[in-house]
Structures are given as C-alpha cells and as structure tokens.
Protein chains: 2
Amino acid sequence: MKPAATLKKISESLGISISTVSRALKNHPDISEATKKKVWDLSNLLDYEPNANAINLRTNHSKVLGLIVPVISGYFYDSLIASLEEETRLHGYSLLILQSGDDPMVELNNLKLCKQNRVAGVFVSLSTNTVEISPFKKLSDNDIPVIFLDKVPTDVDCNKICVADVAATTLAAEALVEAKKKNILGLFGNSKMSITQERKAAFHQFFAINAPKIKLQIADAINPMEAYQRTIDIWKQAKKPDAIFCMSDEILTGVMKAVQQLKLQLPTDLGIIAISNGFIPQLYYPEITYTETSGYKLGKLAYTRMVSCLAGSSFIQNLKVDAVLVRGGSL
Amino acid sequence: MKPAATLKKISESLGISISTVSRALKNHPDISEATKKKVWDLSNLLDYEPNANAINLRTNHSKVLGLIVPVISGYFYDSLIASLEEETRLHGYSLLILQSGDDPMVELNNLKLCKQNRVAGVFVSLSTNTVEISPFKKLSDNDIPVIFLDKVPTDVDCNKICVADVAATTLAAEALVEAKKKNILGLFGNSKMSITQERKAAFHQFFAINAPKIKLQIADAINPMEAYQRTIDIWKQAKKPDAIFCMSDEILTGVMKAVQQLKLQLPTDLGIIAISNGFIPQLYYPEITYTETSGYKLGKLAYTRMVSCLAGSSFIQNLKVDAVLVRGGSL
DNA sequence: TGTTTTATCGCAAACCTTTGCGACAATGTT
DNA sequence: AACATTGTCGCAAAGGTTTGCGATAAAACA
C-alpha cells in the first residue's frame, strides 16, 4: 500500500530541506535541537528506516558480507554459519548466505551474486570439485577480501582458516595409545577430499613414529551407511579391533549404529574415539570421546580475520582453530 | 585496488552513451548487433556485474528475501533454512538470514535490518517470548509480505505455515494403539510454547476419545538433559511404561541416551515413537519410528506461498505441511 | 523529389542518500 | 559602526541504473 518513508517525504512534510533531515537524524551539531526533535518525532511516526541501497550506492561501501558453503544443514556447517552470522550481526554487518550444493557452477554463480550485491567481503567454503579459484582472486583485486574456510584451495596465496586436522588426529591417536589399544580400526571418509588425506596421513604417521607395534586397520566410507556396513563386516572377522577411530561425525554415526546393533558395550567391548563438532558424541551413552573441531570457533576466528582484512590488512594468513580433546566414556 | 566496472566506464571506453550500454547488455532490440558485441566483449573483459544497489534503488524492488529465526543450528532450522535458501536462489532471489537468539529485542532489530535492506519479503519464526507482532504487520502495510513459519503468533490475521501438529501427534498415537501399548509415557517440551500445548492437547484428546483405557503418564522436559533424567527416574518405578512418545527431536535424544544407559532393547523392552525432522531417528539401531514434520517441506511450502504473496495475493492463509508416519524398528 | 518508415542511439529524470560548501541572520567583538 | 564569529540551514553533485521520449540518419515508399 504505502511506500516506505524517505528523507524527502519527511523534509516536505516539515518544510525543510532533505540535507537538514539527514543531518538531524544523525545528530549533526549543525542542526538545532528544535529541528532535531521535529524530525525525530516525524521519522518515528512514519517508521522511517534509511534505505541501505541508497547508502551503499552513495558511500560505495556496504554492510553485507557474503558466505558461500556447500550445504547449510549438516554436521558442521550449521554451527559454523550460526557463529558467523552472530558475529557479523553483532558488529553491524549482515550475512548473505548462499549454498553451492557442492556444485562448482552454482558456486560461481553465488560469487556473482555477491559481486552484484557489492558485499564488503566474502567467506567461502569450496565445493569438493572446485578447481578454478581465479574468480575468487579477482574479487581480492577489487578490494573485496575473500576468506576461505575449512574447504580451502591448495593454493598458498590466499587467506585460509581451517580446523587443525593434524593436531586433532594426533590428539586422538595419543588418546588411543594412552588407553593401551592394540588393534585399531581407522575409518575415514571420501578419500578424494583433502581433509581425508590429511587426517589419514597424520594418523599413519603418528603410529609409525610413536607406536609402530600397534596393529592398524584402515577403511574408507563415503557416508554413514558405508561406515555402518564396514563395521558390521569387520565384526564378522575372527580378530576384532579393540578400538575404532572415526574421522568425522558422519563416520561416527554409522559406526555407532553398528555398535548398537552388535550390542557392544563401550568402552569394555570396544573403545571409540572420533573427530567431531561435538553434537553427535553427546547423543550416546556413554558419551563419545572426541577431539573437537568446532565450527563455532572457526566462525569466530574467520570473522576476526575478516575484520582485519576490511581494515586493510593485505597480508595472507593461514590460521587454524585449535583442537581439544573432550573425554567421554567411550574409550 | 580497482573499483568495480560500471555502465559509465564501459560507455566512456566505447564512446557511446550509458543507456545504449544498458540496453545492449539486456539485449534490447533497439541496439545493433555490432554495438551489442562491442559492449558484450568489453563487459566480459572488465568482469562487469550490475550494481544491485543501484538497480534496487531505481526499480524500487529488490531480489532479496529476509529470514529471521531463533537459531540457525539445531534439530529443525538448519533443514528449513537449507530448503528456503535453495528455493529462493533457484528463483533468482537471495536470502538474508538473521538469528534472533530467541530474543524479542534482537528479533525486532533484525526486522529493522530487513526494512533497511528493502527486502522484497520476510519469513519469520518467532522467538519464544515475542508478544508484540504489530511491527511485523506494519511491514505488510508497506507491501512487503510477512510469512510466519513454525513458531507463529496466535493472531489469526496473518500468513502462517506450520507443521501439522495435531495430525503428527494423532498419527503417532494411532501407531501406539496399533502396537497395543498399554502404559504410555508422553514426554513433552517447554510447556510455555504453543507447539507443546497443541501437541499435548492432541495427545490427550486422541486417547480420551479412542483408547480411554490406555494408561497415560505425562512429563515435561525443557531440554534433552531433562528428558534423559525423567526417563531414568521413571525407570526406577515399579510399573514401567511399555512405550514412550517423544514430542520432538530434543526429547528423543535425551530419552535415547537413557535407553542406552538402561540397556533397554527396542522394541521388546520398550517401544519408542517420536515427532521428528527425520535426522535423529536414523542414528539409532533400530531406527526410531516417527511422524515426520519436515523442515525441508516447510521451507518449500513457505516459498511458494511467498511467491503468491509477491504476486499480489493478499488473502491470509494458514497452511500446514502434512505429517507422515515413517516406520523404523522401535515400536 | 518529397515523405514516411525504420533502425539506432542519446538526453534527462528519477530512485535515496551523503556531504562539501556557501548563504544568511543573529550575535559578539573592537 | 564595521567587522568577525557563530549557529542553522539549503544547494547541488555524486553514486549506478532504468526508461520514456525525442533525435538523427538511412532506407523505403510514393
């Protein structure tokens, strides 16, 4: 029905100029108290809200940040997004969130949307198959900082923030040694993903150096269902593992389903440790021991990095959120 | 470094007018093929992307929708948000997502942000304690549709889209009767929330009418921990329930933790049914039987409703996503 | 040749806001 | 009385885009 109030409307109703209204609303010392009050009252009455589009156009600097992720819902991204949104909003920014569906083409299109909306900066967690990151670099040339999160390019020449894969894996491995496990099953995710490769390598390396006598068994599972099936299959073997290391929450859920079906008691029949965001482990009894790779913390860290980028810090940084061992009763 | 390309820059480089460039880029028939090609080539070279702020200002009609939710991460909202984002993006819109943290003041501020950004419409899932919904109604007066999702006001005079609380509850209750359960524990959430009240009322009503002889036991739990504790406590009683109805995923997780601790076998020792988004039930073995209240479906439905509102449909609608029973092995 | 059509393009206003600068009157200073 | 200061306010340009309308020249017609 009624279009939104504007400075012009207020100025006309009050018989004063637009610039006076504008200054009055931002408490400019040039404007008399009497005028300010008149303007204030009327703008309240009309529910005036400044048009962000006009401001952005005029000032050439928007208060919106872009975020591109493969998916919103899931084991990790929801908490990452939640903390990022909270942080940005608390600092006067808003977050434009876009899903790529793990599709590089959609991802590129989302990047376009960010450009069109003239976002001040963009966070991006790459899709699995993204190879071409030059479009992202072009943004940096236009003075729009780009910060890669979690799923980052191998290219060294960009801002990256990741979870500490090696530290998290090592921490878990140490706990396994400390628990005196002798026959460990390591379950890993999609082996094409760099995160899988890094965690698997760290896993191997730790035991090779620190506990070469421990028997290792490695399996890949592309989703929870496969993790479930692997566990079931392996339990048909004569010699069963005395502990399972789960690379991720997805793996953990599959394994735990098998554990329930096999009626295994934790930690007596079997020890379990995982790398996790923290939500899944506390669903079970006993709660699962895990090393935390927190999406929440990653979001916080990413935002502070964005702030310094926006402030002009042009040097590249490769940050990691620390990993911490959270002891449940499963090991 | 380099500011973004504009129509003006292209026009100056080519020695033609801004309007010609504008028309060329949108394939206007007035422009010759030769000119179009020149413009096209240069705009590609310069990575030109139209300035959405300028367009919104000029056309007075933005391609951004607002979404205000209590939280992003959780049992339900992540999937709702995921489907809503997907739907909006596929139709050329973007989604500005704002968390209220279940705080009415923040919620109001988020609404302001939506106004300032001149969103085309807003979806909102109210915080628990929101009483004043007139600010939302004012938006509708300004021709920007407001659609309430899930957590909706009691006021009849607005667009609402909810899950079918009564149908979901009834469906679950029917399944309990069909499974010949005689002593049922109903576990419900925060009793201040309308969703709790509706589900509880439907629960009571169904049994009063259809199976008055079944023994009911009702308990409230404000979070998973309480649900866990209630279950543990009740299992110290002499006469134990033969089935538990869980009003929500939060309740279900608490109950299942107790079930694991008590080493109860499903469905022999105990039957379990829940109302759920679908993710949690398939974490367990056997999988939990549940009536689905899908955030995903709710998002889809909400978007189609938004479309018709944007197209001018001003009549009020109170839609519900259908509930469907998904049989696991827990009952 | 004179007139009308067609193809191609530019002018200018509008959307809303910010901001440097100048205008004007009232007050204060010598 | 002449001048400088201070307090209030308005003008106008700029930011990037869209679009109705008018302009120009070439092509088609009579």
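So that the names make sense, note that chain A is the first sequence line, chain B the second, and so on, each numbered from 1.
- Within the 4.0 angstrom heavy-atom criterion, base atoms lie near A/S22.
- Below the 3.5 angstrom threshold, one finds no donor paired with an acceptor across the side chain of A/R23 and the base of D/dG7.
- Between A/Y48 and the phosphate of C/dC16, there is no side-chain N or O to OP1/OP2 separation shorter than 4.0 Å.
- Nucleotide C/dT17 holds its C1' atom 11 Å from the CG atom of A/N53, rounded to whole Å.
- In this entry the distance linking CD of B/E33 with P of C/dC9 reads 10 Å, nearest Å.
- Summarising the geometry, the separation between CG on B/N27 and C1' on C/dT8 is reported as 15 Å, rounded to the nearest angstrom.
- In terms of polar N and O atoms assigned as donor or acceptor, the side chain of A/R118 never comes within less than 3.5 Å of the base of D/dG16 in a complementary pairing.
- A donor-acceptor contact shorter than 3.5 Å is absent between the side chain of B/S43 and the backbone of B/Y48.
- Distance A/K115 NZ to D/dT17 C1': 17 Å, rounded to the nearest Å.
- For A/C162 against A/L298, the heavy-atom pair with the smallest separation is C-CD1, 4.1 Å.
- The distance between atom CG of B/L7 and atom P of D/dT17, rounded to the nearest whole Å, is 4 Å.
- Taking a 6.0 Å sphere around NZ of B/K137, one finds it holds more than 12 heavy atoms contributed by other residues, nucleotides or ligands.
- Between A/V163 and A/D150 the shortest heavy-atom distance is CG2-OD1, 4.2 Å.
- Here D/dT8 presents its P atom at 17 Å from CG of A/L14, a figure rounded to the nearest Å.
- When the P atom of D/dA26 is taken as reference, atom CG of B/D30 falls 18 Å away, rounded to whole Å.
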### Query
What's the verdict on side chain to side chain contact (heavy atoms under 4.5 Å, CB included) for A/L65 and A/V119, showing C-alpha distance, side-chain angles and the deciding distance?
CA-CA 5 Å; A/L65 296 171; A/V119 297; 5.7 Å; no
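- Atom CD in B/E12 sits roughly 14 Å away from atom C1' in D/dG15 (whole-Å rounding).
- A donor N or O paired with an acceptor N or O is found under 3.5 Å between the base of D/dC11 and the side-chain atoms of A/S19.
- Between A/K36 and A/E33, at least one side-chain nitrogen of the basic residue sits less than 4.0 Å from a carboxylate oxygen of the acidic one, meeting the salt-bridge criterion.
- Each of A/P50 and B/P29 was assigned the nucleotide of DNA chain C with the nearest heavy atom; the assignment lying further toward the 5' end belongs to B/P29.
- At the phosphate of D/dT8, neither OP1 nor OP2 sits under 4.0 Å from any side-chain N or O atom of A/T35.
- Heavy-atom distances to DNA chain C give each of A/I55 and B/K36 a nearest nucleotide, and the one nearer the 5′ end belongs to B/K36.
- Side-chain contact, A/R118 with A/N56: no donor N or O sits under 3.5 Å from an acceptor N or O.
- Distances from the side chain of A/I31 to the nucleotides C/dG10, C/dC9, D/dC9 place D/dC9 closest.
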Restricting to nitrogen or oxygen on both sides, can you table the protein-nucleotides 13-15 of chain C pairs closer than 3.5 Å?
unit_1	atom_1	unit_2	atom_2	d
C/dC15	OP2	A/K8	NZ	3.2
C/dC15	O2	B/R58	N	3.2

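- Between the side chain of B/N277 and the main chain of B/Y75, a donor-acceptor pair closer than 3.5 Å is present.
- Look at B/T20 and you won't find any side-chain N or O under 4.0 angstrom from OP1 or OP2 of C/dC9.
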